[in-house]
Amino acid sequence: MIRTREAGTLRVVDEREQVLLAGWVARRRDHGGVAFIDLRDSSGVVQVVIRDASIAEELRAEYCLKVVGEVARRPEGNENPDLPTGDIEVLATEIEILNRSDPLPFPVDEHLSVGEDARLRHRYLDLRREGPGHAIRLRSRVNRVAREVLYDLDFVEIETPTLTRATPEGARDFLVPARLQPGSWYALPQSPQLFKQLLMVAGMERYFQIARCYRDEDFRADRQPEFTQLDIEMSFVDQADVIGVGEAVISACWREIGHEIPLPIPHLTYADAMARYGTDKPDLRFGQELTELTSFFADTSFRVFQAPYVGAVVMPGGASQTRKQLDGWQDWAKQRGAKGLAYVLVGDDGELSGPVAKNLSEKERAGLAGRVGAAAGDCIFFAAGEASSARLLLGAARLEIGRRCELIDTTQWSFVWVVDAPVFEATSKAQDSGDVAVGAGAWTAVHHAFTSPKPEWIDSFEKDPAAALSEAYDLVCNGNEIGGGSIRIHRRDLQERVFAMMGVSIEEQREKFGFLLDAFAYGAPPHGGIAFGWDRVCALLAGVDSIREVIAFPKAASGVDPLTGAPAPITEAQRAEAGVDAEPIEPDEATETYAPKDRATG
RNA sequence: GGUCCCGUGGAGCAGUUCGGAGUGCUCGUCGCCCUGUCAAGGCGAAGGUCGCGGGUUCAAAUCCCGUCGGGACCGCCA
């Protein structure tokens, strides 16, 4: 046995106990005749007293040690109230160096800031630090809590393939060459969506998985090419059932950090969220709701406001901004693809000023501040144009106002379910970007192609696709979408109609999703589920800004792992063997890879 | 695909606006001293192609162009 006790657990009651400790030198304080080292293991630190100067002199930061000694109460007045072990110390009788350490690339020290690049290159050192290590340990606890909740509810944990079939939905796939089928490729799953639905057909009834997912898209602070979902699917349930399970899981996770979420979590419709906050993931920790002014300006002579939608958001105290700051908002808006951000300043005397004000009629000027809820000294920002883009801009402005004016109470947790999202959205923008939208139709799925329309729309969504609502629900926390799900389509005919709406031909349906449609033909049960963005959930719980903090070995924005250097070139031999360069087969033949009997091409 | 920010001894920064000697700060490293510290302290020392390439200039860390790397955002991510 290398150690008998963990360093951070020693207390006064252990006085006079002979202990064997093992850990790292966190810090050395050498006084010549006596030296102190803080010995750190995963449980914490304890002070070790070394009387032999020749031994102490040799020790350096992060040396890995075995310490034999006796626990002793510290001399009167030398206690350290900042440490859990601060009342005692270990009088070393023997020190064995288990391993030496080179000088460190950065200090393994809590109170110093270190660049992220250096941290990730030496992540094994970074994780020795309390903060980074704590985030990873917290994630483990959160995983356990979620599993416990779901096991208690009779869920079955099932692993699904990570080498699977490319489907044309959603994001770009990561592809893996199939050595045994040269020219054919596996795809890494963007989510276990199709498999979990098949598991419902398989009668598993309650499935969950902490599932690794892969999407080959550009990075953000909250996006990695491989990420984790807590994936849940249930049979014979309605929306309220799934939401109930989601709340059980999430409330248990937040209880783990000592926060009790008031249940049930309130609901907000998608339409309300867009109208009041300009986003489908509103941060409800502050107000500054958008005001729609389309009717208010219905008869305006100001051409900019003669638009299908005019809206506003108020910046409290914004009238005192300098010209430079107001110009800054214009740049800010242009960066978001807008022409600019019109504004009106409300003077201390209530008089309106700014470039827009003189274009407004007497009546408009008189009623404006009251209509948008602006007080003297405020700034009113406007957006006019198509409702969707104008609200997007105002929603972003609202968040920026919240940040700049420090309106957000960062100690609060605000949860909300956003429900009743549309089934479809127009694909005009998706088409521009190329090949990622499902199908070639004018409509694409807001949630995904397997989301059921609400019962009242099932027979009629083709008549008014823009208005049809879906049985979908997103959970939003502090302005982050942390989970989303839906009641699924479980009837083959309905699934085929939804695909058709999105312009997916029967042939393509057979080719890409034939296995799912076939499964639905055998008594598929009604089912639905939810998936949580587990990295983001853990990041929120850990109180960190980036999901990289809750991933043991995250990748940089270029997709490179700074530690291993992956991805890396392959050898000629690997290349030849992998089948990367196999001649592509004809598309018609490719169709055969699924179901030759059902070929209906040409 | 686009916009912006950053790159200066091992770490974190300042210096760049307005060109004038590799100048400065905190930490670390190495050596010596030190018997009660706990982010120990004192004295001393080493350590830099200022990311890289080109240009302007008598002179470039500083200005210009390009490029590489890191980060944030827009697009994209059902």
Side-chain angles (χ1 to χ4, degrees), chain A residues 26-38 45-53 56-57 60-62 74-83 85-86 89 102-122 125-126 167-172 190-191 193 213-225 227 331-338 392-393 396 400 421 423-425 427 429-430 432-439 443-451 470 472 474 481 484-486 502 531 533 545-546 548 556-558 560 562:
Chain A
R27 191 165 280 117
R28 182 181 65 133
R29 294 176 294 278
D30 190 344
H31 290 244
V34 65
F36 306 95
I37 58 168
D38 291 338
V45 292
V46 71
Q47 173 164 283
V48 175
V49 183
I50 302 171
R51 298 281 174 189
D52 185 334
E57 196 180 36
R60 292 290 182 272
E62 298 307 315
R74 292 196 186 187
E76 186 77 29
N78 280 348
E79 300 85 359
N80 184 345
D82 297 332
L83 295 179
T85 59
E89 59 196 4
D102 285 346
L104 301 165
F106 57 84
V108 178
D109 193 337
E110 210 45 44
H111 66 276
L112 292 171
S113 65
V114 180
E116 193 174 19
D117 193 40
R119 289 177 52 201
L120 295 186
R121 266 201 315 277
H122 303 276
L125 293 177
D126 185 42
T167 51
E169 47 166 347
R172 203 174 290 111
Q190 297 180 23
S191 80
Q193 181 63 37
C213 308
Y214 306 86
R215 292 178 193 174
D216 188 6
E217 294 293 342
D218 290 355
F219 284 61
R220 284 287 191 286
D222 60 353
R223 243 190 265 163
Q224 286 268 303
F227 62 98
D331 296 337
W332 174 90
K334 281 171 188 159
Q335 231 240 298
R336 252 147 249 273
L392 191 69
L393 181 65
E400 190 63 26
V423 182
F424 303 106
E425 65 184 346
T427 57
K429 281 188 354 191
D432 294 342
S433 63
D435 56 1
V436 292
V438 174
W443 301 95
T444 188
V446 168
H447 192 70
H448 58 53
F450 316 106
T451 298
S470 67
D474 283 350
E481 186 197 321
S486 63
M502 301 188 307
D545 289 331
S546 169
R548 290 188 293 269
S558 55
V560 170

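Residue numbering restarts at 1 for every chain, and letters A, B, ... go by the order of the sequence lines.
Nearest to the side-chain atoms of Glu57(A) among the listed nucleotides C73(B), C32(B), C38(B) stands C32(B). Closest approach to the Arg223(A) side chain among G36(B), G12(B), C77(B) is made by C77(B) (side chain taken as heavy atoms from C-beta onward). Out of U37(B), C38(B), C32(B), the shortest distance to the side chain of Leu83(A) is found at C38(B).
Taking atom C1' in both G48(B) and G24(B), the straight-line distance is 14 Å, to the nearest Å. Distance check on atom P: G41(B) versus A46(B) gives 22 Å, rounded to whole Å. Rounded to the nearest Å, the gap between the C1' atom of C6(B) and that of G51(B) is 11 Å. Here the separation of C65(B) from C77(B), taken at their C1' atoms, is 35 Å to the nearest Å. Rounded to whole Å, the P atom of A14(B) lies 31 Å from the corresponding atom of G75(B). Separation of the C1' atoms belonging to G19(B) and A61(B) is 10 Å when rounded to the nearest angstrom. Rounded to a whole angstrom, the distance from the C1' atom of A45(B) to that of U35(B) is 27 Å. With both ends at atom P, the span from U16(B) to U62(B) equals 12 Å, rounded to whole Å.
Ala445(A) and Ala449(A) make their closest contact through CB-N, 3.7 Å (heavy atoms, listed as atom of the first residue, atom of the second, distance). Taking each heavy atom of Cys213(A) and Ser191(A) in turn, the nearest pair found is SG-CA, 3.8 Å.
Using a 4.0 Å cut-off between charged side-chain N and carboxylate O, Arg548(A) and Glu116(A) make a salt bridge. Classification of Asp38(A) and Arg29(A) as a salt-bridged pair holds, one side-chain N sitting under 4.0 Å from a carboxylate O.
For Gln335(A) (side chain) and Ala333(A) (main-chain N/O), no donor-acceptor pair under 3.5 Å exists by modelled atom type. Using modelled atom types, no side-chain atom of Glu425(A) and backbone atom of Thr444(A) make a donor-acceptor pair closer than 3.5 Å. Under a 3.5 Å cut-off, the side chain of Arg215(A) and the backbone N or O of Gln190(A) do form a donor-acceptor pair. Of the possible polar contacts, none joining the Arg28(A) side chain to the Ala35(A) backbone as a donor-acceptor pair under 3.5 Å is found.
Separating the CD atom of Glu400(A) from the C1' atom of C4(B) is a distance of 13 Å, rounded to the nearest angstrom. Atom CD in Glu217(A) sits about 16 Å away from atom P in C73(B), given to the nearest Å. Spacing between atom NZ of Lys334(A) and atom C1' of C74(B) amounts to 16 Å, rounded to whole angstrom units.
Across all strands, Pro75(A) comes closer than 4.0 Å to base atoms (heavy-atom distances). Nucleic acid contact class of Glu425(A) (heavy atoms, under 4.0 Å, all strands): none. Counting any heavy atom pair closer than 4.0 Å across all strands shown, Glu89(A) reaches a base atom. No contact: Gly86(A) has no heavy atom under 4.0 Å from any strand. Within the nucleic acid shown, Asp216(A) has no heavy atom closer than 4.0 Å to any nucleic acid atom.
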5' to 3', nucleotides 24-29 of chain B under a 4.0 Å protein heavy-atom cut-off (B base, S sugar-phosphate only, - none) gives ---S--
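With a cut-off of 3.5 Å on both Watson-Crick or G-U wobble distances, the partner of U56(B) is given as none. Nucleotide G44(B): paired with C30(B) (Watson-Crick or G-U wobble, both distances less than 3.5 Å). The base-pairing partner of C13(B), taking Watson-Crick or G-U wobble contacts with both distances under 3.5 Å, is G24(B). With a 3.5 Å ceiling on both atom-pair distances, the Watson-Crick or G-U wobble partner of G69(B) is C6(B). In this entry U37(B) has no Watson-Crick or G-U wobble partner, no candidate having both defining distances under 3.5 Å.
A 4.5 Å side-chain heavy-atom check between Leu125(A) and Pro105(A) finds at least one atom pair inside the cut-off. Taking the side chain as every heavy atom from C-beta outward, Ser113(A) and Arg119(A) never approach each other to under 4.5 Å. Contact of the Pro225(A) side chain with the Phe219(A) side chain is registered, since non-hydrogen atoms from C-beta on lie closer than 4.5 Å.
Residue Arg28(A) places no side-chain atom within donor-acceptor reach of the base of C38(B), judged by atom type and a 3.5 Å distance cut-off alone. Scanning atom types as modelled, no donor and acceptor separated by under 3.5 angstrom connect the side chain of Arg336(A) and the base of U3(B).
Between Asp30(A) and Val446(A), the residue anchored closer to the 5' end of RNA chain B is Asp30(A), taking for each the nucleotide with the nearest heavy atom. Heavy-atom nearest nucleotides on RNA chain B were determined for Phe106(A) and for Glu79(A), and the one closer to the 5' end corresponds to Phe106(A).
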Evaluate the criterion side chain to side chain contact (heavy atoms under 4.5 Å, CB included) for residue pair Thr451(A) and Val423(A); output intermediate values, then yes/no. CA-CA 7 Å; Thr451(A) 298; Val423(A) 182; 5.8 Å; no
Filtered N/O pairs between nucleotides 69-72 of chain B and protein, under 3.5 Å:
| unit_1 | atom_1 | unit_2 | atom_2 | d |
| --- | --- | --- | --- | --- |
| G70(B) | OP1 | Ser558(A) | OG | 2.7 |
| G71(B) | OP1 | Ala557(A) | N | 3.2 |
| G71(B) | OP2 | Ala557(A) | N | 2.9 |
| G71(B) | O3' | Arg548(A) | NH2 | 3.2 |
| A72(B) | OP1 | Arg548(A) | NH1 | 3.4 |
| A72(B) | OP1 | Arg548(A) | NH2 | 2.7 |

